[in-house]
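Single-structure report; data block below.
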Amino acid sequence: MSQHQSQKAQSAPAGFEPRIVAFFCNWCTYTAADLAGVSRLKYAPNVRVIRVMCSGRVDPQFVLDAFARGADGVLLGGCHPGDCHYAEGNYKTLRRMRMLGRMLRDMGVADGRFRLEWISGAEGDKVKAVVNDMTAKVRALGPLDLPGKFREWDQETAELERQVHSQDPKEVARAR
Amino acid sequence: MMKYLYYPGCSLKGTGKAYEESLLAVFRALDVELREIEDWNCCGATAYMSVEESKSYALASRNLAIAERENLDVVAPCSACYLVLNKTQKSLQEHPDIRRHVTQALKAAGLDYKGTARVRHPLDVLINDVGLEEIARRIKSPLQGRKFAPYYGCQIVRPYASFDDQYNPETMDKIIKAAGAECVPYPLKTHCCGGSLTGTLPEIGLRLAYIIIKEAKKRGAEAIVTLCPLCQFNLDGYQGQIAGKYERVDLPVLYFTQVLGLAMGLPAGELGLQRGIISAAAVLAGR
Amino acid sequence: MALEQKIKYEAERDRDFAQWVVTQTGGENLRHCIQCGICSATCPLALYMDYTPRRLINLAREGFKKEVLSSFTIWLCASCYACRVDCPKKIQVTDIMYVLKRRAIRDGVYPRRFPIPVLAREFGRMVFTWGRVNETLLVIDLFLRTNWFRFLSMTGLGLNLMRTGRMSFFPDSIRRRLELRKVLAALESKDEFRDWAGPVAQLLDEEVEP
Amino acid sequence: MTDIKERRNDTDGLPRIGFYICHCGTNIAGMIDVAEVREYVAALPGVAVSRDYKYMCSDPGQELIGADIKEHKLERLVVAACSPNLHEETFRKAAARAGLNPFYFQMVNIREHVSWVHEDKISATEKAKDLARAAVYRVRFHKPLDKQSVPVDPNVLVVGGGIAGIHAALTLANAGKKVTLVEREATIGGHMAMFDKTFPTLDCAACILTPKMSAVKSHPNITLWTYSEVAKVDGYVGNYKVTVKRKPRYVKEDLCVGCMECIEACVFKEPKFADWFNQGLGKRKPVYIDFPQATPKVVLIDPETCIQFKTGKCKKSCAEVCDRKAFDFNQKEEFKDIRVGAIILATGFKVYDAKRDPHYGYGRYPGVYTALEIERLVNASGPTSGEVVLRDGRRPRAVGIIHCVGSRDEKTNKWCSRVCCMYSLKLAHLIKEHSGAEVYNFYIDVRAPGKAYEEFYDKLLSEGVHFIRGRVAEVTDWNMTPEEEGRLVLRVEDTLAGFVRRIPVDMVVLATGLEPRADAQEVRRLFNIGCGNEGFFQERHPKLAPVNTFTDGIFIAGACQAPKDIPDTVAQAGAAAAEALALIDAGHVELEPNTAHVVEEECCGCKSCVPLCPYSAITFDEAKKKAVINEVLCKGCGVCVAACPSGSIRQNLFEDAEIFSEIEGVLAK
């Protein structure tokens, strides 16, 4: 029975639409998204773009915060290596995000949920391709729902604490 | 010793026997092993694609599935086979729907298709794996002074061959030159010989074959050198009818493997040279 | 001299057909055609075609189904791929020809007694039966079905082939014919015109495995 | 004004926010339910006014905002409309006019990022709500900021001495600005100097270009550096520092008077080396001048072919004969620094390499030429003095001009090169005029969309030039008929007739297209601008900012932006010069205040930020043990902000609090 439940939790519920937060650099990727608009390319409506001047401005905490607040995926877009408007900001992004990627994996956030893409100002079509591809992949992964999990953990912790405070060693052992 | 899987295709077992004989002899002499794919079937050629799409891919991919069991490159000497096998690999890669259908069908017969086999032409193997230096080292009786028209036909360079240029291929020219002979400048290198039209619509097919033979003769070639069993069959076999309809040309049509074999000093009999309908005696004169 | 009316009305267009072609393998870029005509110029057979490849592409795009499917053009294509390599819009003309040939067979509108579709069919039958093709038998079969007279004119070539040992009257067969038939049978429902090439299921019933 | 609905809230002590959603005609309102978004936002905490309007950017739209700011005492402004790249500045100014600090504003991009790219109204409206909510959350944390104003250096750098660079430089110089014109080759003039006549007027290219070239040379406000390249660019709008590499000519430019006696005296009695200017059809000596009207008229030595450079054992008769003593075989390359306020890039194009189309036989058949070669051939000062003859001296009886070589072809360049149709018509006319040959044009579409262009096409038709609509498949020496014998045959479908034709000619002209320069990518990195997919420099906006780039103070003109003909190039060069003038004459420029600063009391002195800054704007104050950011040098990328472990670096407009609230807002549901 429990196995059945966990299986159910893994597969995406019908009609699930992922929410993806994107950080796009002003000079390349944000411009590319503008270009996609001007070119009237059509893509999935699941991504919400937050503009930063350079992908190097993206603090790993932004990514963690987005997941913690309920994002199912986070997309980071910067200029191609060598093309950074600020000479080398994107290399710093790359270094940082590799580390963050490893950390997210360890935390149990699946690979496809966090993605770093280099998209130049001319690549409106790539914005479309990346957004569509990521949306499809995250949709297949199902909801991440960290806020929900946080609530569950909080409840469990509270329950544990309650039992600890009840001073009944037997109950404590059972709860563990 | 280099090893390859060998996909002969139907023609090399029939009208193109001389191609197989010379290919095997030359590769043996170069210490390259060709191991025939076990229980191979017809690739489907161009005809089957006109009938049914996924079955024609299935025909070709059965061979590929069998070949995959051994981790070796597949050598396909016939241009049509080379094209069809490569096209199958590429289409199954690009069209997931077809791939799903085909792999399921193969599975139903206990075959597993992964798409890992690399399909190559003997020219590619000779130039890129054996190498022109090694070939030059094996030349014993160079064909000094002989002039040939290198004729590639269509399906070897178009659209999949990556080992040579699509408009002006030169790998076979290099082999002919390595054999000591000359290549005449031949602008019809990649024009079409008419394919199966010589059989189905001879008035059209014969004209195409005639143009190719005549231009080679005009350019001073003593023979056309080719790499495809159907081209060889059309250009060689129909010269009698061409003579009836247009003019008598009498130009032998050889496989590049026969030319190379001769230069390597292999006996004419082993190279299937007696199988030409237009006799290659003039080319053989003095050896 | 007979006068012929050349006007076309919109009602004569089959929009579904135009829509269908671009969904087929190879048809993807069809609509990008700029009618430059390099496909026709490079085609070794264009001089015999009723519509040059360029015109055929346009007819297909516009949905003139009858003209397209009953044309000789599709059957004359020798699959030399020159058009495909030259096309500035990367249109896979050769593959579109295959698509149209298959559709013409399915719709039964290919030119009757025209040898090329017959060859394709007989080729198919032979592969079904034996797994391999014997060119001699195939050619004989073809002539018997299309043109007796030409068969007789070919005896010179036949004798030459026999003389040089390039002819065989025995079909070459693969060993595991059943395996191949299973593969093909599994695809029965996938191809659009399964009835045409011969009842595979029937062949399956004949136990051929030694 | 139509349908203005509004809602007033008591904002509960939060800053009072005004929210405005633009219909943009139907651009936005056709996909997003603006009324629903308006109502939704109105209910968000802090929102005092929420309105929709047909065109927010229009004067009434802006006035509406201004009036609300005053009437409702708005403290923050959010506008949901198009991309901030388009109208952020408009609304900031509207806010400022009404007395609100312009940076108390946040823009929401619901056109380019929502209505234009989605097809489902419900999800598009949901997305618009999310983005609007994020802006509402974010804008609460905005701070009042001032734009930094810096003076603009009045000098201008023009890169590239073709007709675009020449025209831009002259325009600026005539306006009294000091211009440095840098050209890579030994002479200015560019491709135009190679042309014979210009379409559609058929006036001689040299006659209209050379006066401008000498004007550049003699203009007191222009410093002309030929045989030079830009090596390095630092700084920012109004204040660029540029390093220029001057290559050695081995002849002192200030001494040489261009008498060319040295060329006469060279130990090579005959010109022997393929000359670049004549496309290799002519020959030059190791000491040479590109063409008689080269500007500056200064000779140069090619060390690759000069005996003195190769062996060190030449008697140097060139130097001996020079009574000005201008030769200096020890000249080295030099680097010069200049300071400019604006830069105009006019680096031009590259001609498509016809060898990439092997089926046209260029390089294989001597009878096949490129169009630029024919320009030299029909030119009276060209290698044949204007005679149209084949390489073997024969006069062609028939000439075929193949259009769209390296254009409109996805295997090579997919764009239309725009000038080839017209120059092919021009060459057809000139060839016919010079040789009397029968001329065939093989075209896909004749594109003659310019003033008097269609008329020129008509003139050509009347001259009896053949126009065959079809892309040539092959140029071959394979002959089928006696008439074809010994000639080149073009195989083509006459698409208007509907059949294939074989046409024998003696000369084939390939109308090669225009490509980005081979080093366009390096150049764009040097100047920190962008390239489109095809590799031409990217303009800031295809319609409204065609000579601006994404880097302020750097402008583009001519064929480096896209293929264009001479009239368009000159017009664009004038536009670029005007943009540069507008920048310079303003005297100062306001910089976006998105710089970073260190909050001293929070800095722990770890120095991790110091090496991160690509502009060396961060230093370390050893006395205080704190990092210090020089805000003039800071360009506002924010890399240091993200890296600071103590969170003591803040970036204006992109503070942590602002971004975190935006994340919260976008997901709060």
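These values consider heavy atoms only, across backbone and side chains, with no hydrogens, waters or symmetry-generated copies. Chain A is the first sequence line, chain B the second, and so forth, proteins listed ahead of strands; every chain is numbered from 1.
Here Arg69(A) is the residue among Arg69(A), Gln61(A), Arg51(A) with the most heavy-atom pairs under 4.5 Å with chain D. Considering only heavy-atom pairs separated by less than 4.5 Å from chain A, the leading option among Gly532(D), Pro614(D), Ala668(D), Ser123(D) is Pro614(D). Interface check for chain D: of the options Cys54(A), Ala71(A), Ala36(A), Pro45(A), the most heavy-atom pairs under 4.5 Å are formed by Pro45(A). Put simply, of Asn26(A), Thr93(A), Asp83(A), the one with the most heavy-atom pairs under 4.5 Å next to chain D is Asp83(A). Annotation: maximal heavy-atom pairing with chain D below 4.5 Å, among Gly56(A), Gly70(A), Ser55(A), occurs at Gly56(A). Chain A forms the most heavy-atom pairs under 4.5 Å with one residue out of Val639(D), Leu667(D), Asp130(D), Leu131(D), and that residue is Leu667(D). In terms of non-hydrogen atom pairs under 4.5 Å with chain A, the most contact-rich of Asn85(D), Ile659(D), Val666(D) is Ile659(D). Contact tally against chain D (heavy-atom pairs below 4.5 Å) for Gly89(A), Ala33(A), Pro147(A): the top residue is Ala33(A). The greatest number of non-hydrogen atom pairs below 4.5 Å with chain D, out of Glu17(A), His85(A), Arg19(A), is found for His85(A).
The aromatic rings of Phe660(D) and Phe62(A) sit perpendicular to each other, their planes meeting at more than 60°, with 30° as the lower class boundary.
Listed by sequence position, Arg524(D), Arg525(D), Asn528(D), Cys531(D) are the residues of residues 523-531 of chain D in contact with chain A, using a 4.5 angstrom heavy-atom cutoff.
The structure places CD of Glu658(D) at 12.0 Å from CD1 of Ile50(A), a figure rounded to the nearest 0.5 Å. Within the model, atoms SG of Cys637(D) and CD of Glu88(A) stand 9.0 Å from one another, a figure rounded to the nearest 0.5 Å. Going from atom CG of Asp65(A) over to atom CD of Glu662(D) covers 12.0 Å, rounded to the nearest 0.5 Å. For the atom pair CZ (Arg48(A)) and NZ (Lys129(D)), the distance works out to 11.0 Å, reported to the nearest 0.5 Å. To the nearest 0.5 Å, the span separating CG on Asn533(D) from CG on Asp125(A) amounts to 6.0 Å. In this structure, Leu35(A) CG and Ser83(D) OG are separated by 11.0 Å, a value rounded to the nearest 0.5 Å.
Between Ala643(D) and Arg96(A), the shortest heavy-atom distance links the atoms CB-NH2, 3.5 Å. Here the shortest heavy-atom pairing between Tyr30(A) and Pro84(D) reads OH-CD, 3.3 Å. Considering all non-hydrogen atoms of both residues, Gln538(D) and Ala122(A) come closest at OE1-CB, 4.5 Å. Of all the heavy atoms in Val117(D) and Gly37(A), the pair that sits closest is CG1-CA, 3.6 Å.
With a 4.5 Å cut-off on non-hydrogen atoms, Cys25(A) does not touch chain D at all. Residue Ala134(D): no heavy atom, backbone or side chain, is found under 4.5 Å from chain A. Only the backbone of Ala44(A) comes within contact range of chain D, with heavy atoms under 4.5 Å apart. Phe23(A) touches chain D through its side chain: at least one heavy atom from C-beta onward sits under 4.5 Å away, while N, CA, C and O do not.
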Run the numbers on Val49(A) and Asn109(D) for side chain to side chain contact (heavy atoms under 4.5 Å, CB included), then give the verdict.
CA-CA 9 Å; Val49(A) 177; Asn109(D) 185 346; over 6 Å; no
Kindly indicate, with the supporting measurements, whether the criterion side chain to side chain contact (heavy atoms under 4.5 Å, CB included) is fulfilled by Val47(A) and His113(D).
CA-CA 9 Å; Val47(A) 170; His113(D) 288 198; over 6 Å; no
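Lys127(D) places no side-chain N or O within 3.5 Å of a backbone atom of Asn46(A) that could act as its donor or acceptor partner. Although no hydrogens or angles enter the test, the distance criterion places no donor-acceptor pair under 3.5 Å between the side chain of Lys42(A) and the main chain of Glu119(D).
Within 6.0 Å of NZ in Lys147(D) there are more than 12 heavy atoms belonging to other residues, nucleotides or ligands. For Lys232(D), the NZ atom counts as loosely surrounded, since its 6.0 Å shell holds 12 or fewer non-hydrogen atoms of other residues, nucleotides or ligands.
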Please set out all donor-acceptor pairs under 3.5 angstrom arising from side-chain atoms of residues 645-657 of chain D, sequence neighbours excluded.
residue   : atom : partner   : partner atom : Å
Ser646(D) : OG   : Glu602(D) : O            : 3.3
Ser646(D) : OG   : Ser648(D) : OG           : 3.3
Arg650(D) : NH2  : Glu602(D) : OE1          : 2.6
Arg650(D) : NH2  : Glu602(D) : OE2          : 3.2
Gln651(D) : OE1  : Arg57(A)  : NE           : 3.2
Gln651(D) : NE2  : Asn594(D) : O            : 3.1
Gln651(D) : NE2  : Gly636(D) : O            : 2.8
Asn652(D) : ND2  : Pro593(D) : O            : 3.1
Glu655(D) : OE1  : Lys143(D) : NZ           : 3.3
Glu655(D) : OE2  : Lys143(D) : NZ           : 3.0
Asp656(D) : OD1  : Arg57(A)  : NH2          : 2.7

